[in-house]
Amino acid sequence: MATLKNVNSRELYMGRLAHGADLLEEITAVCTGNDIKLGRIEAIGAVKQARLGYYDQKTREYGFFTINEPLEITALIGNVSIKDGQPMVHAHITLADEQGKAYGGHLAPQTIVFACEIIVEAFKGPAFRREFDKETGLPLWDMQ
Ligand code: ZN
């Protein structure tokens, strides 16, 4: 059964990330710097290179791959919550090459910003906390 909680908007932030920054680290810094512990994230732009993850449901481990070419960020969607007491950004990204062919996956460090326009919506209320989930092996939201 799905478990949901009502959340309410606190603030909206809109801006751009620094050229050459690590995309995931920069989004995390935006959240930490603005005291955002619960919220949602969207972005578009371009990267110089990308590193993405894929969660293997059998081995319960992430595999990572790097794409060493300039790519468009056609969509980045993510959220922020708390893991181990710190804001954790979880984002998935779809990237397109010069022919419009797409790559997608779990955004990992070492994805480097060429240009990026971001919108972050911070929510009020107690932050969701990530705890180890036995069924999936993933740090999922504790909805108790
Ligand atoms: Zn993911």
Side-chain angles (χ1 to χ4, degrees), residues 1-7 9-18 20-97 100-144:
M1 194 175 93
T3 50
L4 297 100
K5 291 182 181 175
N6 184 269
V7 294
S9 189
R10 186 187 86 192
E11 290 163 319
L12 278 168
Y13 297 85
M14 186 165 168
R16 67 185 179 91
L17 304 183
D22 183 292
L23 181 55
L24 182 58
E25 288 177 7
E26 190 84 333
I27 297 171
T28 303
V30 165
C31 293
T32 304
N34 291 287
D35 197 33
I36 301 167
K37 296 172 179 152
L38 185 68
R40 67 187 181 100
I41 297 153
E42 66 180 67
I44 57 172
V47 298
K48 296 181 177 190
Q49 65 171 61
R51 184 165 164 267
L52 306 182
Y54 173 86
Y55 188 68
D56 186 317
Q57 297 175 15
K58 284 186 182 158
T59 64
R60 298 188 164 205
E61 287 181 0
Y62 276 97
F64 293 93
F65 57 97
T66 300
I67 310 157
N68 278 313
E69 61 177 303
L71 299 160
E72 294 287 313
I73 303 171
T74 55
L76 179 154
I77 294 182
N79 56 60
V80 57
S81 58
I82 296 292
K83 180 168 180 269
D84 301 327
Q86 300 295 321
M88 181 199 147
V89 170
H90 180 204
H92 287 192
I93 190 168
T94 304
L95 301 158
D97 68 13
K101 290 182 180 165
Y103 300 89
H106 175 100
L107 178 63
Q110 297 165 34
T111 298
I112 306 302
V113 174
F114 181 77
C116 185
E117 299 172 346
I118 185 170
I119 299 171
V120 180
E121 181 170 18
F123 298 139
K124 294 176 189 169
F128 290 14
R129 290 178 191 284
R130 291 187 179 277
E131 302 289 349
F132 179 77
D133 176 72
K134 279 182 275 184
E135 277 184 322
T136 62
L138 291 165
L140 300 182
W141 290 329
D142 178 8
M143 301 304 291
Q144 301 296 315

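All values below come from the heavy atoms of this structure, side chains included, with hydrogens, waters and symmetry mates left out. Atoms within each ligand, like the ligands themselves, are counted from 1 in listed order.
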Asker: When you measure from the centre of the six-membered ring of F123, is the NZ or CZ of R10 closer than 6.0 Å and no more than 45° off the axis?
Answerer: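 Here R10 fails the 6.0 Å and 45° test against F123.
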Asker: If you count heavy atoms of other groups shown closer than 6.0 angstrom to CZ of R51, is the number above 12?
Answerer: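 It does: R51 CZ has more than 12 such atoms within range.
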Asker: Is the backbone N or O of T94 less than 3.5 Å from a side-chain atom of T74, with the two atoms forming a donor-acceptor pair by type?
Answerer: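 Checked: pair present.
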Asker: Using only heavy-atom distances, determine whether the side chains of S81 and R130 contain a donor-acceptor pair under 3.5 Å.
Answerer: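 Yes, a side-chain donor-acceptor pair sits under 3.5 Å.
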Asker: Going by chain and residue number, what protein N/O/S atoms come nearer than 2.8 Å to the Zn ion (ligand 1)?
Answerer: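 Sorted hits: H90 NE2, H92 NE2, H106 ND1.
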Asker: Look only at the side chain of D22 and the backbone of P109, and say whether a donor-acceptor pair between them is shorter than 3.5 Å.
Answerer: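 No.
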Asker: Using a distance-only test with no angle check, is there a side-chain donor-acceptor pair under 3.5 angstrom linking Y13 and E11?
Answerer: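 Judged by distance alone, the side chains do pair up.
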